[in-house]
Amino acid sequence: MPALELQQQFFERLKSITPHEQLVANVSEVLDVSVSEAYKKISGRSLINIEQIQLLCNKFKVSFEYNPAQSGSKVLFSYSNLFSGKDDIEKYLDNLYNNLVYIKSSANGYISCTTDDIPVFHLFQYPELAAFKLFFWQNRIHANKKSEPFSVQLIDKKLTNKCLLIHKEYMSIPGSEIWTKSSLLNTLYQIEYVVAARLIKEKELMIKLCDQLQQTIMDVADYAVDEAKSDLAGNKVAFKWYFCENIGSTTYLANVNDSYYCYQRFNTFNNLQTDDAAYCNEVNFWIQSLIKESICVSGQGEKYRNTYIEETIKSIEEIRNRF
């Protein structure tokens, strides 16, 4: 593979984790070159050397892989290190936010999602529910640490503010979501778990979590009726909602400037990330096949949509009344 093509792929990876203007400023600073020269290197008009690659890898905490065509089925993934003995939730959220900003920057940016839980982007608009998800995640990271009962005050407010920004970015990107019939229940099971484990003691807080979870499902139902989400400016953004009997994994596939980026969940909430073209095309074919066997509940899919909403609200009510 030509050196210039490898360099362009490398910078495409950096673009996926940081906004373009920040990338230019960082390349300029790290390589000690002018902003103009930084633009040239990012665009491929000026080559970088091995030493400069290493400097950028150290700055952005990424690796540089030479991955020539393989005779077998091998794929290189990256992921966020969350079990390193320190709290990396903030870095994880920053990476998630920067990925969305990058996807949004594309004229044809689009996110396809298959999931067995409500996509966390929808939950993030509600501060108590966002704090609860972060609390649950942190308990998974610090499994050997004695858990304190959940309260909103346990979670740094800047993290829930970042969650809200993530929600706003997601709302401005067109996309489709394929849920299983149990998609609501994983978050509900988490609430049920902390109640059973005596990790939530305030009845009012538990009820608020249930209320916000119920409102989230109503929000998604409204998007489905309109076949559109609304961004901050009130602009309509295309949205499709599907139900599928069997999915098997939580996967996000982003289309950015006619290239694919795949994010697949592991370890409760972390994800493996790759832009390997062959692999992403396989995932795209799989998602398209799922859509063909799914029920579309956007637009005129009123019958299935309303039945699902009634069933899930009933499940929430059972937990709310059990406390």
Side-chain angles (χ1 to χ4, degrees), residues 1-67 76-82 88-111 121 158-159 161-175 231-232 252-263 270-277 279-280:
M1 183 181 291
L4 182 56
E5 187 175 344
L6 278 170
Q7 177 176 320
Q8 290 173 326
Q9 288 184 1
F10 176 62
F11 277 115
E12 283 300 316
R13 290 186 61 212
L14 298 187
K15 289 177 185 177
S16 72
I17 60 175
T18 189
H20 184 65
E21 292 304 320
Q22 289 184 25
L23 176 61
V24 173
N26 281 321
V27 170
S28 174
E29 178 184 354
V30 172
L31 301 187
D32 193 21
V33 297
S34 67
V35 170
S36 175
E37 180 63 17
Y39 270 112
K40 289 180 180 179
K41 292 187 181 303
I42 293 170
S43 64
R45 289 179 289 157
S46 172
L47 286 174
I48 54 177
N49 57 41
I50 294 297
E51 182 182 0
Q52 291 173 324
I53 290 173
Q54 187 60 59
L55 289 171
L56 291 171
C57 287
N58 292 340
K59 170 66 177 178
F60 291 98
K61 304 295 188 295
V62 299
S63 59
F64 180 77
E65 300 97 352
Y66 173 57
N67 188 30
L76 291 169
F77 286 95
S78 60
Y79 70 98
S80 299
N81 189 346
L82 295 170
D88 290 321
I89 287 286
E90 184 174 1
K91 291 181 181 178
Y92 174 83
L93 293 176
D94 285 340
N95 185 50
L96 191 58
Y97 173 76
N98 290 334
N99 283 340
L100 291 173
V101 170
Y102 176 59
I103 296 167
K104 180 182 174 181
S105 70
S106 170
N108 62 345
Y110 194 92
I111 299 177
F121 306 106
K158 69 180 179 182
L159 296 182
N161 287 340
K162 176 64 73 172
C163 288
L164 183 58
L165 291 176
I166 289 170
H167 163 73
K168 291 177 178 177
E169 290 300 321
Y170 184 73
M171 291 294 290
S172 65
I173 302 171
D231 64 14
L232 280 177
Y252 289 84
L253 185 68
N255 188 330
V256 186
N257 297 321
D258 297 320
S259 295
Y260 286 121
Y261 295 83
C262 182
Y263 308 84
N270 205 346
N271 57 71
L272 297 168
Q273 308 166 20
T274 185
D275 58 357
D276 183 273
Y279 183 84
C280 288

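Being a predicted model, the structure only gives us computed values, none of them experimental.
When every heavy atom of Tyr279 is checked against every heavy atom of Cys262, the shortest pair comes out as CE2-SG, 4.0 Å. Between Ser172 and Lys104, the closest heavy-atom pair is OG-CD, 3.3 Å. Between Val256 and Ser106, the closest heavy-atom pair is CG1-CB, 3.6 Å. Nearest heavy-atom pair across Val24 and Ala38 is O-CB, 3.7 Å.
In this structure, Glu37 CD and Arg45 CZ are separated by 9.0 Å, a value rounded to the nearest 0.5 Å. Going from atom CG of Leu47 over to atom CD1 of Ile53 covers 9.5 Å, rounded to the nearest 0.5 Å. To the nearest 0.5 Å, atoms OH (Tyr92) and CG (Asn271) are separated by 5.0 Å. The CD1 atom of Ile89 lies 8.0 Å from the CG atom of Leu159; values are rounded to the nearest 0.5 Å. Within the model, atoms CG of Leu165 and CG of Asp94 stand 10.0 Å from one another, a figure rounded to the nearest 0.5 Å. Here the straight-line distance linking atom NZ of Lys41 with atom CD1 of Ile48 works out to 7.0 Å at 0.5 Å rounding.
A cation-pi contact, defined as under 6.0 Å to the ring centre and within 45° of the axis, links Lys162 to Tyr97.
Within 6.0 Å of atom CG in Asp32, 12 or fewer heavy atoms from other residues, nucleotides or ligands are found, so the atom counts as exposed in its surroundings.
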Output, in order, the C-alpha distance, side-chain angles, deciding distance and verdict of side-chain contact (heavy atoms from CB on, under 4.5 Å) for Ser36 and Tyr39. CA-CA 5 Å; Ser36 175; Tyr39 270 112; 5.7 Å; no

Using the side-chain contact (heavy atoms from CB on, under 4.5 Å) rule, take Tyr260 and Asn255 through it: C-alpha gap first, then chi angles, then the decisive distance, then the call. CA-CA 5 Å; Tyr260 286 121; Asn255 188 330; 3.8 Å; yes

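Checking side-chain atoms of Gln9 against main-chain N and O of Leu6 turns up no donor-acceptor pair under 3.5 Å.
Note: Phe121 and Tyr252 meet the aromatic proximity criterion, with ring centroids under 6.0 Å apart.
Glu29 pairs by the salt bridge (Lys or Arg N to Asp or Glu O under 4.0 Å) definition with nothing, not counting sequence neighbours.
Screening Asn98, Ile103, Leu100 against Glu169 for a side chain to side chain contact (heavy atoms under 4.5 Å, CB included) leaves a single residue, Leu100.
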